[in-house]
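Heavy atoms only: backbone and side chains are in, while hydrogens, waters and symmetry mates are out.
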Amino acid sequence: MVLPIGIEDEFKGVVDLLTRKAWIWDGSGDPTNYEITDVPEDMVEDVEEWREKLVEVAVEQDDATMEKYLEGEEISVDEIKACIRKGTRDLAFFPTYCGSSFKNKGVQLVLNAVVDYLPNPTEVKPQPEVDLEGNATGEFAIVDPEKPLRALAFKIMDDRFGALTFTRIYSGTLNKGDTVLNTFTGKTERIGRLVEMHADSREEIDSAQAGDIVAIVGMKNVQTGHTLCDPKQPATLEPMVFPEPVISIAVAPKNKGGSEKMGLALSKMVQEDPSFRVETDIESGECILMGMGELHLDIKVDILKRTHGVEVEVGKPQVAYRESIMNAFTDSYTHKKQSGGSGQYAKIDYVIEPGEPGTGFEFESTVTGGNVPREFWPAVQKGFEQSITKGVLAGFPMVDVKFTLTDGGFHAVDSSAIAFEIAAKAAYRQTIPKAKPQLLEPIMDVDVFTPDSHVGDVIGDLNRRRGMIKSQDAGAMGVRIKAEVPLSEMFGYIGDLRTMTSGRGQFSMIFDHYAPCPRNVSEEVIKEVKEREAAK
């Protein structure tokens with residue numbers, strides 16, 4: 001949509017290809033200090049070449065406009081804009097702009113494009129409604145102020161006037177003073193104040209309707225992803241999915257007085273960001289922050305310091321390893337206890353086997369004939385389910401394991417649910433070491449952008465990090481490399497990448513899956529865990 005005038009530190013503006021006008025900023029950082037002039041003489045040919053390409057792609061969206069174009073007629077700017085809007089809405093292409101946030105150059109054109117090309121709420125597919133288990137009901141939240149209220153809380157932000165719950169209204173109307181139902185908690189809340197946000201300023205409003213995005217002040221039990229709806233006609237919108245954290249660090253306040261302040265700050269931060277978790281290590285008493293990556297947690301520590309005034313000491317990042325098993329094993333366990341009064345008796349025969357990747361925990365009973373009465377099956381399941389939170393190799397949670405209860409025995413007097421639960425826990429400790437347990441490490445989907453001249457260095461470095469290169473795509477400005485790399489090898493990567501690429505490389509990563517650790521890595525992790533526990 002635009003061509004840059006100058007690059008890097010010489011960048012001073014852009015040429016709008018549609019209007020053939022140059023927008024040039026004075027470099028002061030004030031986005032309003034610009035002038036619109038004719039295209040620089042040395043860029044006229046480039047502008048015409050790229051404008052021709054733009055028009056060719058745009059007119060494909062409308063047969064009548066395309067016919068005019070092929071017959072050699074001049075296509076007006078409004079006609080091209082209408083085609084671009086249709087293509088954007090249908091995801092046929094993506095209008096692309098360039099600019100610099102450092103000196104606020106190019107901001108106006110991006111905002112104008114939002115107005116000109118992005119769809120309004122009635123032009124996109126209506127949001128599906130789901131039941132509380134997340135299954136589609138076949139109903140949709142139609143964008144209509146007269147329909148029942150359906151709204152999604154998509155962001156919580158702490159504010160000096162109280163928590164702001166940013167909410168998108170998909171259908172119906174929301175009024176100040178209304179009582180709405182939160183389908184996630186099952187509780188109702190009253191709407192106290194509604195505000196329309198304009199950057200950091202706000203405007204009080206009395207009502208909002210389908211298609212609006214507003215902030216509600218002072219909601220107490222609403223979190224990101226919760227649905228607010230009409231209490232008389234409840235429904236749940238498709239929930240937002242948040243991945244599990246893959247990295248953790250220990251933090252402690254630098255002074256004793258900071259503990260309470262840190263606790264309050266962290267509770268606010270958890271509400272704002274559902275992919276951020278905070279836990280207390282029961283054994284060590286340490287406060288553990290868990291997130292999606294090194295940068296994610298660096299920013300959280302920075303927020304603690306800058307926004308909440310809490311100085312903290314940060315421990316070494318820890319990877320969220322998991323454990324699983326490689327072999328199936330058939331075993332039996334009998335729990336007996338006779339010590340005065342009523343005894344305890346439970347016998348279980350079972351198979352422990354690897355589950356399908358991503359299944360987590362599975363339990364099944366194939367007992368027939370009543371050797372283990374049906375009322376004790378849930379106790380066996382509970383015993384196994386509670387046990388998998390701590391693996392036998394290094395104490396990491398176990399995943400992708402299936403337990404099948406095949407047979408057993410009971411005593412008419414001494415058997416109880418607690419006896420079968422204890423038997424399952426002991427059976428877990430007895431059998432898992434025999435089923436060839438293994439350590440799993442989180443594998444990240446890494447997307448690296450690098451200039452052409454540094455591709456070899458970047459690929460070589462990813463290979464040294466045990467990365468597996470999936471693809472390389474050359475673009476106009478450089479090469480995009482996609483790879484799968486273990487998270488444990490990615491600490492400090494941004495510094496190394498910038499060094500390799502003279503500061504021009506960048507990357508993003510997201511959790512992809514768990515995979516077995518190589519033996520040497522597994523041994524090192526287990527050794528580190530044992531040393532940490534010994535130090536405690």
Side-chain angles (χ1 to χ4, degrees), residues 107 110-112 114-115 118-130 132 137 139-242 264-265 267-276 303 307-308:
V107 176
V110 176
L111 293 176
N112 289 344
V114 168
V115 175
L118 292 187
N120 72 49
T122 62
E123 291 178 309
V124 292
K125 288 180 182 174
Q127 183 78 349
E129 293 177 7
V130 299
L132 291 176
T137 61
E139 298 292 321
F140 293 88
I142 307 296
V143 181
D144 182 348
E146 303 304 317
K147 297 275 184 186
L149 176 68
R150 307 281 184 260
L152 185 73
F154 65 88
K155 180 176 172 62
I156 311 291
M157 194 171 87
D158 194 51
D159 184 87
R160 64 183 187 279
F161 300 111
L164 287 175
T165 304
F166 285 84
T167 306
R168 175 171 174 181
I169 303 169
Y170 283 90
S171 76
T173 303
L174 185 64
N175 299 299
K176 195 172 167 180
D178 280 357
T179 297
V180 296
L181 172 69
N182 180 341
T183 54
F184 186 85
T185 62
K187 295 178 180 176
T188 56
E189 290 211 40
R190 189 170 175 279
I191 304 298
R193 289 167 59 204
L194 282 174
V195 293
E196 200 168 58
M197 301 298 292
H198 303 279
D200 56 355
S201 67
R202 62 186 68 193
E203 180 186 329
E204 293 262 357
I205 54 175
D206 293 326
S207 70
Q209 64 179 31
D212 287 345
I213 292 175
V214 295
I216 306 170
V217 183
M219 301 288 269
K220 290 186 174 62
N221 300 308
V222 177
Q223 292 185 359
T224 302
H226 286 187
T227 299
L228 305 176
C229 66
D230 184 341
K232 293 173 186 167
Q233 294 175 281
T236 303
L237 296 171
E238 191 174 8
M240 299 159 82
V241 178
F242 302 105
L264 289 170
S267 67
K268 288 178 181 176
M269 289 161 65
V270 167
Q271 280 189 318
E272 292 178 7
D273 181 358
S275 62
F276 174 60
I303 289 172
T307 307
H308 301 284

| said: Quick one, Asn175 with Ile191, criterion side chain to side chain contact (heavy atoms under 4.5 Å, CB included). Give me CA distance, side-chain angles, the key distance, then yes/no. | reply: CA-CA 7 Å; Asn175 299 299; Ile191 304 298; over 6 Å; no

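- Asn120 is linked by a side-chain contact (heavy atoms from CB on, under 4.5 Å) to Arg85, Thr122, Glu123, counting only residues two or more places apart in sequence or in another chain.
- Considering CZ of Arg190 and OG1 of Thr179, their distance stands at 6.5 Å, rounded to 0.5 Å.
- Within the model, atoms NZ of Lys268 and OG1 of Thr307 stand 10.5 Å from one another, a figure rounded to the nearest 0.5 Å.
- Listed for the Thr173 side chain is a donor-acceptor partner under 3.5 Å among the backbone atoms of Pro145.
- In terms of the salt bridge (Lys or Arg N to Asp or Glu O under 4.0 Å) criterion, Arg168 has no residue partners (sequence neighbours excluded).
- Counting all heavy atoms, side chain and backbone alike, Val195 lies closest to Leu164 at CG2-CD2, 4.3 Å.
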| Trace of the side chain to side chain contact (heavy atoms under 4.5 Å, CB included) decision for Ile216 with Leu228 | CA-CA 11 Å; Ile216 306 170; Leu228 305 176; 4.0 Å; yes

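- Under the rule for a salt bridge (Lys or Arg N to Asp or Glu O under 4.0 Å), the partners of Glu204 that lie at least two apart in sequence or sit in another chain are Arg193.
- Contact between Met219 and Glu189 at its shortest, heavy atoms only, is CA-OE1, 3.7 Å.
- The list of side-chain hydrogen bond (donor to acceptor under 3.5 Å, both in side chains) pairs with a residue in residues 210-233, not counting sequence neighbours, reads Asn182-His226.
- Pairing each heavy atom of Thr183 with each of Cys229, the nearest pair is CG2-SG, 3.5 Å.
- In terms of heavy atoms, Thr165 sits closest to Ala153 at CG2-CB, 3.7 Å.
- With values rounded to the nearest 0.5 angstrom, Leu152 atom CG is found 10.5 Å from Ile213 atom CD1.
- Note that the CD atom of Gln127 and the CD atom of Glu139 stand 14.0 Å from one another [nearest 0.5 Å].
- Remark: Phe140 engages Pro126, Pro128, Ile142 in a side-chain contact (heavy atoms from CB on, under 4.5 Å) (not counting sequence neighbours).
- Evaluation of the salt bridge (Lys or Arg N to Asp or Glu O under 4.0 Å) rule for Asp273 yields Lys300 as partners, not counting sequence neighbours.
- The shortest non-hydrogen separation linking Val214 to Ala208 is CG1-CB, 3.6 Å.
- Between the side chain of Ser171 and the backbone N or O of Pro148, at least one donor-acceptor pair lies under 3.5 Å.
- Residue Lys176 holds its NZ atom at 5.5 Å from CG of Asp206, rounded to the nearest 0.5 Å.
- Under the side-chain contact (heavy atoms from CB on, under 4.5 Å) criterion, Val270 pairs with Phe276, Val278, sequence neighbours left out.
- Applying the salt bridge (charged side-chain N to carboxylate O under 4.0 Å, His left out) test to every pair with at least one member in residues 146-156, sequence neighbours left out, gives these pairs: Glu129-Arg150.
- For the ring pair (Phe, Tyr, Trp, His ring centres under 6.0 Å) condition, no pair includes a residue of residues 202-225, sequence neighbours left out.
- Listed by chain and residue number, Thr88, Val114 satisfy the side-chain contact (heavy atoms from CB on, under 4.5 Å) test with Leu118 (two or more places apart in sequence, or in another chain).
- Of all non-hydrogen atoms in Pro121 and Val143, the two that sit nearest each other are O-CG2, 3.6 Å.
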